[in-house]
Participant: 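Quick one: the structure is below, and I'll ask about it shortly.
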Amino acid sequence: MRPALLHGLFAPVSRLMGVGPQLAQAIARLIPPPEGQDAPLVRDLLFLLPSGLIDRRATFPLRETPDGITATFVVRVEGHHPPPPRSRKPYKVVCGNDTGTLTLVFFHVTGDYLLRSLPVGEQRVVSGRVEHFDMRTQMTHPDIIAPLSQLAAVQRIEPVYPLTAGITNRQLAAFIQRGLSEVPPLAEWIDAETLARHGWRDFKQTLTQAHAPQGEADLQPQSPVRMRLAYDEALSVQLHLALLRARRQEKPGRSLRSAGALRDAVRERLPFSLTDGQRQALSQIDADMASGRRMARILQGDVGSGKTLVALLAALTVAEEGAQAAILAPTELIAQQHYDTFTRWCNGLKLNIVLLTGAVRGAARAERLEALAGGQAQIAIGTHALLQEHVAFADLALIVVDEQQRFGVAQRMAMNAKGDAPHLLQMTATPIPRTLSMTLYGDMDITLITDKPPGRRPITTRTVPAGRAEDLTDRLAQALARGEKAYWICPLIEDGDVLAATDVAAAEARFSTFRALFGEQVALVHGRMKAPARHEALRQFASGGARLLVATTVVEVGVDVPDATIIIIEQAERFGLSQLHQLRGRVGRADKASACVLLYSDNAVETARARLSAVRDTEDGFAIAEADLAIRGSGELLGTRQSGLPRFRFIDLALHQKLIAEARADAIAMLKQDPALASPRGQALKMLLALYGYTHDF
Ligand code: ADP
Ligand code: MG
């Protein structure tokens, strides 16, 4: 239940005086209304902060007003000069005071509103941008024309909001002022020490000030006013996540531990031993699964750190106990590859592993579904196809989500529902800055694999202008002749997961060029190809039948061809830095020296080229992610809309890192001290949660 105190803020904007249906619609274009409603809430209107300001305090002697400046004048209206009928000339109103003459200029005038608002002989306040034209001082379409009594109200600093058609800045500002009067007095949820240390004022004063900036500094994310609002937001998110985690830990989970016979058998077959990072990750996972609580763990490890093996070994514990594990992969390619790896590593063991993707149809599909529902299969590997309603498990005890950022919350929940409180292990190769993981995964335990399998050689990365691509082709020919394998990544034309047709066209064009040069040893994969053709191309590349793989970004995540040693990325400046790092991770997977070439267009701007050096100069995925976050922001970094990040209003993930960490520590300490949020500060924090729309039972 939402506290009654907040009703005014959660009312639709149409409840504010003066906001009719059309204005409400215009506001809805600026601010998304809550799901299922047409009008945004008063709260959301108040959370729309000004993006600029106009200073109307200045006034000048008319003859000496600098050109292009916004200023306010008191003038007397001297005469109207309408254009001749059917002329395109403007309507002019000449005004003046004892410092000079000001001509007001209007285009497309209809009706008599100018005569009414600017009656001859009367004094008016006008405010707007001044221009000098033909020796005259003039103002085209003044922003404000008001009676003299309004002078003080006009001559001030006005906030400027992001706008859309159908509503003016002044209307929006007025509605926001009306909305501010709906903000009730709320008990302080930030502790006194924190408030004093940052020099913050209370919530209502802060919000009011945020809408009355006094200078450019007040608009910055680092201003005290915006910092307090960001802190409130961060505190609400962190408290929400900490509560989720506490609630989940109250419920029992299945306690799973095995003698480890299957696991030992697999480890014996491996041609290598586990890295320290893999070992640590496994011991944390084992402890989680044995604890009697549900595991919710995120496993972060750079590309090539060997997460797949960790997932398999975790699944074996489950299988040995007679329960089932499901591994969700983002693409068919990766699902197939995991399946191949798993079956190879488990060859000869008494274990039934099934693959389920969209491409599996007919009798094979029916048979596999039956094995899962009947419990004859212990491990399922699949794509989104696993999420479908008719896919049932006999006893699903562990869900592994590979490249978890590719899946949405709803998809994870659908998978969850197929078992009885199954353990959850999410994996990601996208290194992300710490504050971002606090926010994204704040309700989970986090494991990092920071090492890589031994014997890897560093990858030499170079940035090369496209103009020199020809030398590159020569060197590529030599490398292929030596028996090396290379990826050629075609430009990314469109952002996001949707592949543009132009993407495909570019890849096909490259493919035919290279076919002409290098013949049969060139293969092609792109997102529009049917799964069997794609798998065939990849299989050829993996087996050595093909040595040059021309690809769009379908190879970005997870593809594992260990003996590939060269990757060339065209128009690298179009990719995000983390994405380039991921792509680069396709090579350097074995003990051979590897090379990555970032080709940039000759017309790439200097800053774009400079960015590439961040990837060239380090192989530390976290450092690259930090740079990427600062450059592109979190949405781009995570690369998908369904990343699970809340839509932040005040938080800037790159700029407010310290603030988020502080809010997280605050939230955790508070819940430790007062788990039911019953103290006075606890009560105030419940109000904060309600203000941000988080509901929890206490
Ligand atoms: P990612 O963490 O990016 O998913 P993978 O699981 O695909 O990485 O592993 C990358 C490569 O490293 C694979 O070829 C895998 O067989 C190999 N690998 C995994 N663990 C080890 C290890 N401990 N020692 C040597 N190679 C390993
Ligand atoms: Mg992987």
Side-chain angles (χ1 to χ4, degrees), residues 298-305 307 330-331 334 401-407 426-441 446 448-450 452 458-459 461-463 487 489-498 551-560 567-589 594 596-600 604 607-645 652-655 657:
I298 176 109
L299 178 60
Q300 263 184 281
D302 213 342
V303 278
S305 59
K307 296 183 295 294
T331 65
I334 296 170
V401 186
D402 190 18
E403 303 298 343
Q404 60 84 32
Q405 68 281 3
R406 295 288 192 102
F407 293 89
Q426 311 214 53
M427 308 202 292
T428 178
T430 314
I432 57 174
R434 215 170 70 84
T435 43
L436 192 50
S437 49
M438 274 180 190
T439 305
L440 257 182
Y441 313 129
I446 301 177
L448 290 181
I449 300 186
T450 50
K452 286 206 181 162
I459 305 168
T461 304
R462 287 187 305 136
T463 55
Y487 293 96
I489 308 297
C490 294
L492 174 83
I493 310 278
E494 210 182 69
D495 281 346
D497 300 320
V498 197
T552 55
T553 48
V554 287
V555 304
E556 181 191 339
V557 262
V559 170
D560 182 26
I567 184 162
I568 296 155
I569 304 169
E570 261 190 89
Q571 294 188 19
E573 74 278 3
R574 289 184 176 228
F575 293 86
L577 302 187
S578 294
Q579 220 177 350
L580 290 173
H581 178 64
Q582 291 258 343
L583 284 167
R584 177 171 58 184
R586 296 312 106 210
V587 300
R589 302 199 136 216
S594 294
C596 168
V597 178
L598 304 175
L599 276 178
Y600 58 86
T607 49
R609 270 186 270 164
R611 258 171 5 106
L612 294 180
S613 58
V615 179
R616 184 191 59 205
D617 298 341
T618 179
E619 278 193 57
D620 176 348
F622 285 92
I624 291 170
E626 292 277 358
D628 213 6
L629 178 66
I631 293 166
R632 293 191 306 161
S634 57
E636 296 283 326
L637 173 62
L638 298 170
T640 152
R641 293 155 298 288
Q642 42 175 254
S643 63
L645 258 196
D652 180 318
L653 282 164
L655 294 175
Q657 305 207 18

Participant: What are the two closest non-hydrogen atoms of Ser437 and Gln300, and how far apart are they?
Facilitator: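 Reported closest heavy-atom pair: CB-OE1, 4.1 Å.
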
Participant: Can you measure from OH (Tyr600) to CZ (Arg609) and round to the nearest 0.5 angstrom?
Facilitator: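 Going from OH on Tyr600 over to CZ on Arg609, the span is 5.0 Å.
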
Participant: Using 0.5 Å steps for rounding, measure from the OG1 atom of Thr618 to the CZ atom of Arg616.
Facilitator: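 Interatomic distance, Thr618 OG1 to Arg616 CZ, rounded to 0.5 Å: 12.0 Å.
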
Participant: Taking atom CD of Gln426 and atom CD1 of Ile298, what is their separation to the nearest 0.5 Å?
Facilitator: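 Gln426 atom CD to Ile298 atom CD1 measures 5.0 Å (nearest 0.5 Å).
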
Participant: What's the spacing between Leu583 CG and Ile569 CD1 if we round to 0.5 Å?
Facilitator: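 The CD1 atom of Ile569 is 4.5 Å from CG of Leu583, to the nearest 0.5 Å.
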
Participant: Measure the spacing between CG of Asp628 and CD of Gln579 and express it to the nearest 0.5 Å.
Facilitator: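 Reported to 0.5 Å precision, the distance equals 8.5 Å.
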
Participant: Verify, without hydrogens or angle tests, whether Arg611 (side chain) and Glu573 (backbone) share a donor-acceptor contact under 3.5 angstrom.
Facilitator: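 Judged by distance alone, yes, a pair lies under 3.5 Å.
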
Participant: Of the non-hydrogen atoms in Ser594 and Gly588, which two are nearest, and what is the gap between them?
Facilitator: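 For Ser594 and Gly588, the tightest heavy-atom pair comes out as OG-N, 3.0 Å.
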
Participant: Charged N to carboxylate O under 4.0 angstrom, Lys307 versus Asp402?
Facilitator: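 Between Asp402 and Lys307 there is no salt bridge, as every charged N stays at least 4.0 Å from the carboxylate O atoms.
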
Participant: Which heavy-atom pair separates Leu580 from Ala572 by the least distance, and what is that distance?
Facilitator: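 Result for this residue pair: CD1-O, 3.8 Å.
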
Participant: Which atom pair, heavy atoms only, marks the closest approach of Glu403 to Pro330?
Facilitator: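 For Glu403 and Pro330, the tightest heavy-atom pair comes out as CB-CG, 3.6 Å.
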
Participant: For the pair Glu619 (side chain) and Ile459 (backbone), establish whether a donor and an acceptor sit closer than 3.5 Å, ignoring hydrogens and angles.
Facilitator: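 It does hold such a pair.
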
Participant: Report the C-alpha distance between Val615 and Phe575 in whole Å, list the side-chain angles of each, state the deciding distance to 0.1 Å, and finish with yes or no for side-chain contact (heavy atoms from CB on, under 4.5 Å).
Facilitator: CA-CA 11 Å; Val615 179; Phe575 293 86; over 6 Å; no

Participant: Rounded to the nearest 0.5 Å, what separates atom CZ in Arg462 from atom CG in Leu599?
Facilitator: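 With rounding to 0.5 Å, CZ (Arg462) is 9.5 Å from CG (Leu599).
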
Participant: With the side chain counted from C-beta on, respond yes when Leu612 and Thr461 share a heavy-atom pair under 4.5 Å apart, and no when they do not.
Facilitator: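 No; the side chains remain at least 4.5 Å from each other.
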
